[in-house]
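Below, each value reflects all heavy atoms present in this structure, side chains not excepted, and no hydrogens, waters or symmetry copies.
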Amino acid sequence: MPAPSAAERFAAKVNPAGPLPLVRGVHGRCHVWTAGANDKGYGTFWAGRTVKAHRFAYEQAHGPIPDGHDVDHRCRNRRCVRPSHLEAVTHRENILRSTNHVARRAAVTHCPAGHPYDATNTYIAPNGTRKCRACKREQARARKAAAPAVARLTPHTTPETIRSAA
């Protein structure tokens, strides 16, 4: 009896009666990977080397993953290997589709004061964060107004002219 193929071994480790995804536009039950997983919850599979199960499933259904792309779980279930729930996207798009702090901040369109983050009102700080120009301007004006008045010194300024100006 010949050894089972990688595809047959893979299929034996999949439960097609997984949960229904809670994401709009993703249809059908998740096909849950029942074998081993890595420390981040992604299924792993031996196919001559250890590969992520969802990547193996994607490649079996759609062919090679394009260079510079990740396989995104549209259903948000890391153990899902259903090909219709997997999509090759850029790393940036994959991150922005998630629910982590990077995606949440990128989704913000206005500063806390209500000014829009648009091309004319947004300053990108050296650390990569967005800053509101209108708020920065208001902060600078408030600092200037709160600062004590300082007499301007010129070559002709004397202590008497400073006292008389005050």
Side-chain angles (χ1 to χ4, degrees), residues 1-140:
M1 180 193 279
S5 69
E8 291 169 332
R9 288 187 305 104
F10 184 88
K13 300 172 191 311
V14 176
N15 176 7
L20 286 170
L22 301 175
V23 178
R24 192 174 288 184
V26 181
H27 305 290
R29 292 186 175 278
C30 288
H31 292 182
V32 179
W33 181 251
T34 59
N38 66 15
D39 59 340
K40 294 185 180 178
Y42 292 99
T44 57
F45 177 66
W46 180 259
R49 63 182 176 88
T50 302
V51 295
K52 289 186 178 143
H54 67 285
R55 293 177 65 89
F56 183 85
Y58 180 90
E59 288 179 337
Q60 293 301 302
H62 303 289
I65 300 165
D67 285 343
H69 284 68
D70 294 344
V71 177
D72 179 36
H73 291 90
R74 294 176 51 231
C75 56
R76 316 289 2 125
N77 180 351
R78 290 181 177 186
R79 285 198 171 231
C80 180
V81 294
R82 184 176 183 151
S84 64
H85 290 191
L86 305 173
E87 183 180 5
V89 295
T90 63
H91 182 68
R92 175 179 168 73
E93 186 172 352
N94 193 15
I95 295 296
L96 294 178
R97 284 181 174 184
S98 73
T99 56
N100 67 22
H101 67 283
V102 175
R104 285 193 304 271
R105 286 187 183 150
V108 174
T109 60
H110 288 72
C111 78
H115 304 119
Y117 282 131
D118 58 19
T120 57
N121 189 48
T122 305
Y123 162 71
I124 305 298
N127 67 357
T129 59
R130 296 181 294 178
K131 303 291 182 190
C132 173
R133 288 183 193 273
C135 287
K136 297 282 278 176
R137 229 182 350 264
E138 290 170 15
Q139 291 167 357

> Between Lys136 and Arg133, is there a side-chain heavy-atom distance shorter than 4.5 Å?
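When only atoms from C-beta onward are counted, Lys136 and Arg133 do not touch, as no gap falls below 4.5 Å.
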> Determine whether Pro116 and Thr109 make a side-chain contact, defined as any pair of heavy atoms from C-beta on separated by less than 4.5 Å.
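No, every pair of side-chain atoms sits at 4.5 Å or beyond.
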> When rounded to the nearest 0.5 angstrom, what distance separates SG in Cys30 from CG in Leu20?
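So the gap between those two atoms works out to 8.0 Å.
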> Nearest heavy-atom pair of Ser98 and Arg76: which atoms, and what distance?
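Heavy atoms of Ser98 and Arg76 come nearest at CA-NH2, 4.2 Å.
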> Which pair of heavy atoms, one from Asp118 and one from Asn121, lies closest together, and at what distance?
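So the two residues come closest at OD1-N, 2.8 Å.
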> Determine yes or no for a side-chain-to-main-chain donor-acceptor pair under 3.5 angstrom, with Trp33 supplying the side chain and Thr44 the backbone.
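Yes, because the side chain of Trp33 sits within donor-acceptor range (under 3.5 Å) of the backbone of Thr44.
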> Within the structure provided, determine whether Lys52 and Asn38 are in side-chain contact (heavy-atom separation under 4.5 Å).
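In short, these two side chains touch, coming nearer than 4.5 Å.
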> Taking all atoms of both residues into account, what is the closest heavy-atom pair of Tyr58 and Pro64, and its distance?
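Heavy atoms of Tyr58 and Pro64 come nearest at CE2-O, 4.4 Å.
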> Tell me if the CG atom of Asp67 is crowded by more than 12 foreign heavy atoms within 6.0 Å.
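Not buried by this count: 12 neighbours or fewer within 6.0 Å.
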> Does any part of the side chain of Arg55, heavy atoms only, come nearer than 4.5 Å to the side chain of Ile65, both counted from C-beta?
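Contact flag for Ile65/Arg55 side chains = yes.
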> Quick check: do Phe45 and Lys13 have side-chain heavy atoms less than 4.5 Å from each other?
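In contact.
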> Within this structure, what is the NE2-SG distance for the pair His115 and Cys135, rounded to the nearest 0.5 Å?
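It is 5.0 Å, given to the nearest 0.5 Å.
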> Under a plain distance cut-off of 3.5 Å, with no hydrogens placed, do Arg92 and Thr90 share a side-chain donor-acceptor pair?
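Side-chain D/A pair, Thr90 to Arg92: absent.
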> Minimum heavy-atom separation for Ala6 and Phe56, please, with both atom names.
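Taking every non-hydrogen atom into account, CB-CZ, 4.1 Å.
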> In the structure I gave you, are the side-chain heavy atoms of Val32 and Pro19 within less than 4.5 Å of one another anywhere?
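Result yes, sub-4.5 Å side-chain heavy-atom pair found.
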> Within this structure, what is the NZ-SG distance for the pair Lys131 and Cys111, rounded to the nearest 0.5 Å?
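Spacing of NZ (Lys131) from SG (Cys111) equals 11.5 Å.
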> Between Ile95 and His91, is a side-chain contact (heavy atoms from CB on, under 4.5 Å) present by the stated rule, with each step listed?
CA-CA 6 Å; Ile95 295 296; His91 182 68; 3.7 Å; yes
> Would you call Arg97-Glu93 a salt bridge at under 4.0 Å N-O?
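Answer for the salt bridge query: yes.
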> Ignoring hydrogens and geometry, is there a side-chain-to-backbone donor-acceptor pair from Arg74 to Gly25 under 3.5 Å?
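Confirmed, Arg74 side chain pairs with Gly25 backbone.
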> Heavy-atom count check: over 12 atoms from other residues, nucleotides or ligands less than 6.0 Å from His62 NE2?
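Enclosed.
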> Is Ile124 close to Arg130 at the side-chain level, that is, under 4.5 Å between some pair of heavy atoms?
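Contact flag for Arg130/Ile124 side chains = yes.
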> Using modelled atom types and a 3.5 Å cut-off, is there a donor and acceptor pairing between side-chain atoms of Asn15 and backbone atoms of Thr34?
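No; zero donor-acceptor contacts below 3.5 Å.
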> Kindly give the heavy-atom pair with the smallest separation between Ala7 and Gln60, and that separation in Å.
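Closest approach of Ala7 to Gln60, heavy atoms only: CB-OE1, 4.5 Å.
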> Under 3.5 Å, side chain of Arg49 to main-chain N/O of Trp46, donor-acceptor pair present?
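Checking the backbone N and O of Trp46 against the side chain of Arg49, no donor-acceptor pair under 3.5 Å is found.
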> Hey, is the main chain of Gly43 close enough, under 3.5 Å, to the side chain of Arg79 for a donor-acceptor pair?
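Absent.
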> Hey, does Pro16 have a side-chain heavy atom less than 4.5 Å from the side chain of His31?
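A side-chain contact exists here, since the closest heavy-atom pair is under 4.5 Å.
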> Under the side-chain contact (heavy atoms from CB on, under 4.5 Å) criterion, do Glu87 and Val71 qualify, and how do the steps go?
CA-CA 5 Å; Glu87 183 180 5; Val71 177; over 6 Å; no
> Using atom types as modelled and distance alone, determine if a side-chain donor or acceptor of His54 lies under 3.5 Å from a backbone N or O of Arg82.
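Side chain of His54 to backbone of Arg82: no pair is present.
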> Where is the tightest heavy-atom contact between Pro21 and Val26, given as atom of each residue plus distance?
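Looking at all heavy atoms of both residues, the closest pair is CG-O, 3.5 Å.
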